[in-house]
Amino acid sequence: MPYSAEISRDHPTCVLFVIDQSGSMSEDLDAGVTKANFVADVLNKSLMELAIRCRKAEGVLNYFDVGVIGYSGSGVGPGFGGELSGSHLCQISALARSPVRVETRTKRISDGAGGLIETEIKFPVWFEPQASGATPMCAALRMASDLLADWCREHPNSFPPTVIHVTDGEATDGTETDVEAAAAHVSGQSTVDGNVLLLNLHVSGAGGEPVRFPHTESAMPGAYAKSLFRTSSVLPPEFQRRAAEIGITVGPESRGYIYNGRLDDVVTLFDIGTRPRLAGGDR
Amino acid sequence: MKDAELSPNWLDRIRARFAEKSKPSADDWSAALASERGSFATFLGMTLTDARLLGYAIGDTVLFVIWPSGKITMHPEMAAHRFNEQPALLCSRPGLSAFDDTRLAFENARFILRAPPGGWRSTRLVAVTDALGEWITRAEEPPARRLRLEFLAGLRTHASFEAWTKRCIAAGHVRRDDCALLVIDL
């Protein structure tokens, strides 16, 4: 059965984020929160959660390779800062060792008696928010495809890579057909366990009803939304399980796609994309 | 930790000892966060007297008893598929276990076995964690289950046990999961 390979140190999987950093990402997603800032926060938190899940007594073990590709008016390239600057993909242990900085943030938690108290938490940062210029989405997807072709060759028996693509607009370096062709190259890469899974998140602060995990193209408003639908992978049972774990119901034909997503949708899609079940002995 | 008293108080003490031993370095953010979230573990504790065996089993560790009569019992009773589910585990940090009330969880996890008429002599206790529990209980017929238990009990060195589990996991006969084995011949 596809998408059933165990994720272990011998057979790690890969999570690649492809992030739109064009000028429009500086617009608000919600009052006072820009899309770029919010996406960067959720991305850093997702990386942190992955690293903590791999943290054992002997250190952070390599169940994942991770990477970020950013695209903007400045071009397309790896999105990590600091020591990892220039790395497209790295092992999770290297990521854990090399945040740009570790911030101390305050978080409100239950006091166990019905109230809330503020507590300080560590928050590592690897990826900084940016927003400028155009939207070279086709080039970014081609870069992802090239990286993952190599990765799949080197890890033929692994659970296939997951790509989480976040955008708020249309490509400026190609037509919808070009985007679909580039995305098809991404999801055309495969291991013996299945094809690369491409999840698309379209974020918007401009109103309009979100469409979450659609199963039919006819549910999508407009040609652009339909085009992104066609590029999104059908969620396999493993991803349906992950969705159920966080209380989201998806059907067997649902696509990994949210259109007109809001704050919560960003968290949801990142969560589903980064909750793989590790092999039992590796948990 | 050797301790005659099995209770949540025992757990509190071992938690304190674990916290002391595994205190993370302040500049290791992942160790600090992982420590805050705690480590989770299954639990099997037993005290044995001439008259009875008192046990507590939490999570997916089980005790098989091969009685002098040849009968085999399992404590707690679990079907093979239950070992594939996410068990409710104890956490190294108070308040984070998968139970609202750890004291109650201990009470519910308690089992008592009376000594056979001729005493415990010739009784064999085989305690196993999840992957081995699943492997044994997959053999539903008593003779097949006995064969598996006797085979495990015959692995007398750590090296032979490790080699066997590695081979079986690689071949897919035993699930890739925790494998721990304790055999006590009384």
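Proteins come first, then strands; the chains are lettered A, B, ... in the order of their sequence lines, and each starts at number 1. These values consider heavy atoms only, across backbone and side chains, with no hydrogens, waters or symmetry-generated copies.
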**Student:** Test B:E36 against A:T119 for side-chain contact (heavy atoms from CB on, under 4.5 Å), laying out the working first.
**Tutor:** CA-CA 12 Å; B:E36 274 173 26; A:T119 185; over 6 Å; no
**Student:** With the side chain counted from C-beta on, respond yes when A:I52 and B:W29 share a heavy-atom pair under 4.5 Å apart, and no when they do not.
**Tutor:**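 In contact.
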**Student:** By a 4.5 Å heavy-atom criterion (distance strictly below it), what part of B:D27 contacts chain A: side chain, backbone, both, or neither?
**Tutor:**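 Interface part for B:D27: neither.
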**Student:** Nearest 0.5 Å, what's the CD-CZ distance between A:E6 and B:R175?
**Tutor:**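 The CZ atom of B:R175 is 9.0 Å from CD of A:E6, to the nearest 0.5 Å.
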**Student:** Would you mind telling me which of A:A51, A:A96, A:P99 has the largest number of heavy-atom pairs within less than 4.5 Å of chain B?
**Tutor:**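 Most pairs with chain B among the choices: A:A96.
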**Student:** Which heavy atom of B:L33 sits nearest to which heavy atom of A:M48, and what is that distance?
**Tutor:**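 Result for this residue pair: CD1-SD, 3.6 Å.
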**Student:** How about CD on A:E83, more than 12 heavy atoms from neighbouring residues, nucleotides or ligands closer than 6.0 Å, or not?
**Tutor:**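 Check fails, neighbour count at 12 or below.
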**Student:** Would you find more than 12 non-hydrogen atoms of other residues, nucleotides or ligands less than 6.0 Å from A:D150 atom CG?
**Tutor:**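 Yes, CG of A:D150 has more than 12 neighbouring heavy atoms, counting only those of other groups under 6.0 Å.
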**Student:** Around atom CZ of B:R138, are there more than 12 heavy atoms of other residues, nucleotides or ligands at under 6.0 Å?
**Tutor:**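 Buried by this count: over 12 neighbours within 6.0 Å.
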**Student:** Crowded around A:E118 CD? As in, over 12 foreign heavy atoms under 6.0 Å?
**Tutor:**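 Yes, the 6.0 Å shell around CD holds more than 12 heavy atoms from other groups.
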**Student:** Measure the spacing between NE2 of A:H11 and CZ of B:R176 and express it to the nearest 0.5 Å.
**Tutor:**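 Those atoms lie 6.5 Å apart.
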**Student:** Answer yes or no: does atom CZ of A:R105 have more than 12 heavy-atom neighbours from other residues, nucleotides or ligands under 6.0 Å?
**Tutor:**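 Enclosed.
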**Student:** For the side-chain contact (heavy atoms from CB on, under 4.5 Å) test, which of A:L95, A:I92, A:V60 pairs with B:S30?
**Tutor:**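 The passing option is A:V60.
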